[in-house]
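Taking it in order: structure first as structure tokens, then the write-up.
So you know, we letter chains A, B, ... as the sequences are listed, proteins then strands, and number each from 1.
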Number of protein chains: 2
Amino acid sequence: MDIVISNSSNEPIYEQIVSQVKEQIMSGNLKEGDALPSMRALAQALRISVITTKRAYEELERDGFIESFTGRGSFVKAQNKELLREEYLRQAEELISTACEKAKLGGVDVSELHELLDIIYGGE
Amino acid sequence: MDIVISNSSNEPIYEQIVSQVKEQIMSGNLKEGDALPSMRALAQALRISVITTKRAYEELERDGFIESFTGRGSFVKAQNKELLREEYLRQAEELISTACEKAKLGGVDVSELHELLDIIYGGE
DNA sequence: CAAATGTGTATATCTGATATATACACTATA
DNA sequence: TATAGTGTATATATCAGATATACACATTTG
């Protein structure tokens, strides 16, 4: 479980954890039944509070990605990757929508956005 | 000066004001030397506090878009629209970048993003 | 099987950003 | 010069993010 958090990011720490756990599930790095690091262990590793890791795990549990048991630990639930794909697609769609609004305000043509898209998607 | 704010939005009120003033400058609705509504008048119209309108105007002043004079009012400064265009382009670029990250996580191909872009940009 | 250790959980609290009420200071004008 | 309109400053309220500490349960180990 490689998880990295950034204090400079404006994204809350617990959201960063949630995102990265989802990524690891999507990549196959985490499979059904796999144990997540304990809230304490993760908190210690990231030098943050247990309450914050708990909050992240709570959100993951609420969204059906993991399951937690008092005294035992937290585990990955059976996952439908297609569901995750749809979630990421929806997020991308929303971001592109906002990008289009900004572009229109600036008088930026759609063709310019297509170029940007190719450059950014390709150039990683 | 038509300004509309949404309480349900997660964007702060003062940021909503800032954005919309920039939009009106970009659209030519507000020109150099034009007087903005007084902080009090705008606050009353939007049913918000003067402090909030002041904060919005402060940000606009800090970014060089307007100028405020105690006892006189707030006025639009000379504007370089190209500067605003660049700002919007930069914002769009950043959004597209994040969208690409999400898409990659979901295994969404770049071609699908191009389709989305056309649909969203066109379909307003 | 009881003690110890490791797990998740709950309560009260701190901090920073957003928004506010109220009072103050300056300018124009009637 | 009084008054009404402008921007400004100080102290306060509220909410989300993050926390410390103490609690409850499960597993391991002597």
Side-chain angles (χ1 to χ4, degrees), chain A residues 1 3-22 24-25 30 32-77, chain B residues 1 3-22 24-25 30 32-77:
Chain A
M1 276 283 296
I3 289 186
V4 179
I5 61 172
S6 158
N7 286 326
S8 60
S9 167
N10 42 356
E11 188 182 19
I13 294 175
Y14 74 90
E15 282 292 354
Q16 294 184 41
I17 296 173
V18 168
S19 303
Q20 294 186 39
V21 169
K22 286 183 184 174
Q24 304 233 1
I25 291 176
L30 279 177
E32 174 179 358
D34 283 356
L36 293 165
S38 78
M39 296 178 181
R40 273 181 184 71
L42 184 59
Q44 194 165 10
L46 300 181
R47 301 176 171 281
I48 59 177
S49 164
V50 181
I51 293 93
T52 304
T53 54
K54 173 173 173 50
R55 181 159 182 183
Y57 281 22
E58 270 177 346
E59 184 164 327
L60 285 165
E61 186 158 19
R62 185 161 40 70
D63 293 354
F65 292 102
I66 70 172
E67 224 168 355
S68 293
F69 304 94
T70 300
R72 289 180 51 207
S74 302
F75 305 88
V76 179
K77 284 178 72 173
Chain B
M1 276 284 296
I3 289 187
V4 180
I5 60 172
S6 159
N7 286 324
S8 60
S9 168
N10 41 358
E11 188 184 18
I13 293 175
Y14 73 90
E15 281 292 355
Q16 294 183 42
I17 296 174
V18 168
S19 303
Q20 294 185 41
V21 169
K22 286 183 184 175
Q24 305 233 2
I25 292 175
L30 280 176
E32 175 179 357
D34 283 356
L36 293 166
S38 78
M39 295 177 181
R40 274 180 185 69
L42 184 60
Q44 193 164 11
L46 299 181
R47 301 175 170 283
I48 59 176
S49 162
V50 181
I51 293 92
T52 304
T53 54
K54 173 171 173 49
R55 178 158 183 184
Y57 281 22
E58 270 177 347
E59 183 163 328
L60 285 165
E61 187 159 17
R62 185 161 40 72
D63 291 355
F65 292 102
I66 69 172
E67 224 168 355
S68 294
F69 304 95
T70 301
R72 290 179 51 208
S74 301
F75 306 88
V76 178
K77 286 180 70 173

Item to check | A:R40 vs B:R55, nearer the 5' end of DNA chain C by closest nucleotide | outcome: A:R40

Next on the checklist: Just the rounded figure in Å: distance from P of D:dG5 to CZ of B:F69.
Outcome noted: 21 Å

Checklist entry - Do B:D63 and B:K22 come within less than 4.5 Å of each other through their side chains, counting heavy atoms only? => result yes

Item to check | Candidate list B:L36, B:T53, B:L46, test side chain to side chain contact (heavy atoms under 4.5 Å, CB included), partner B:I3, passing option | outcome: B:L46

Checklist entry - Under 4.0 angstrom, heavy atoms only, what part of the nucleic acid is A:Y57 near: base, sugar-phosphate, or nothing? => result nothing

Checklist entry - In whole Å, what is the span from the NZ atom of A:K54 to the C1' atom of D:dG17? => result 16 Å

Next on the checklist: Between A:E58 and A:R62, does the salt bridge (Lys or Arg N to Asp or Glu O under 4.0 Å) criterion hold? Intermediate values first, please.
Outcome noted: CA-CA 6 Å; A:E58 270 177 346; A:R62 185 161 40 70; over 6 Å; no

Checklist outcome for this item: By nearest-nucleotide position on DNA chain C, the 5'-leaning member of B:E15 and A:A41 is A:A41

Checklist entry - Rounded to whole angstroms, how far apart are CD on B:E11 and P on C:dA17? => result 17 Å

Checklist entry - Hey, does the side chain of B:S74 come within less than 4.0 Å of D:dT6's phosphate (OP1/OP2), counting only N and O? => result no

Checklist entry - Which one, C:dA19, D:dG17, C:dT20, comes nearest to the side chain of B:I13? => result C:dA19

Checklist entry - Quick one: B:E58 CD to C:dA17 P, roughly how many Å, whole number? => result 15 Å

Checklist outcome for this item: To the nearest angstrom, the CE-C1' distance between B:M39 and D:dG5 comes to 13 Å

Checklist entry - What's the closest nucleotide to the B:S49 side chain, out of C:dT20, D:dG7, C:dT9? => result C:dT20

Next on the checklist: Can you measure A:Q44 atom CD to C:dG8 atom P for me and round it to whole angstrom units?
Outcome noted: 13 Å

Next on the checklist: For the backbone of B:S68 and the side chain of B:E61, can you confirm whether one donor and one acceptor N or O come within less than 3.5 Å of each other?
Outcome noted: yes

Checklist outcome for this item: Among the nucleotides D:dA18, C:dT9, D:dT8, whichever has the atom closest to the side chain of B:T70 is D:dT8

Checklist entry - Once you round it to whole Å, what is the distance between C1' of D:dG5 and CG of B:L42? => result 16 Å

Next on the checklist: Nearest to the A:S68 side chain among C:dG8, D:dT19, D:dG7, which nucleotide is it?
Outcome noted: C:dG8

Next on the checklist: Between B:Q16 and B:S6 (side chain of the first, backbone of the second, donor and acceptor by atom type, cut-off under 3.5 Å), is there such a pair?
Outcome noted: yes

Checklist entry - Among D:dA18, C:dT20, D:dT8, which nucleotide sits nearest the side chain of A:T52? => result D:dA18

Checklist entry - For the pair made of CG in A:L36 and P in C:dG8, what is the distance, rounded to whole Å? => result 9 Å

Item to check | Proximity to the side chain of A:I51 - top-ranked nucleotide from C:dA19, D:dT8, D:dT21 | outcome: D:dT21

Checklist entry - Of all the choices, C:dT9, C:dA19, D:dT8, which nucleotide is nearest to the side chain of B:P12 once you look at every atom? => result C:dA19

Checklist entry - Closest nucleotide of DNA chain D for B:E61 versus for A:Y14: which of these residues is on the 5' side? => result B:E61

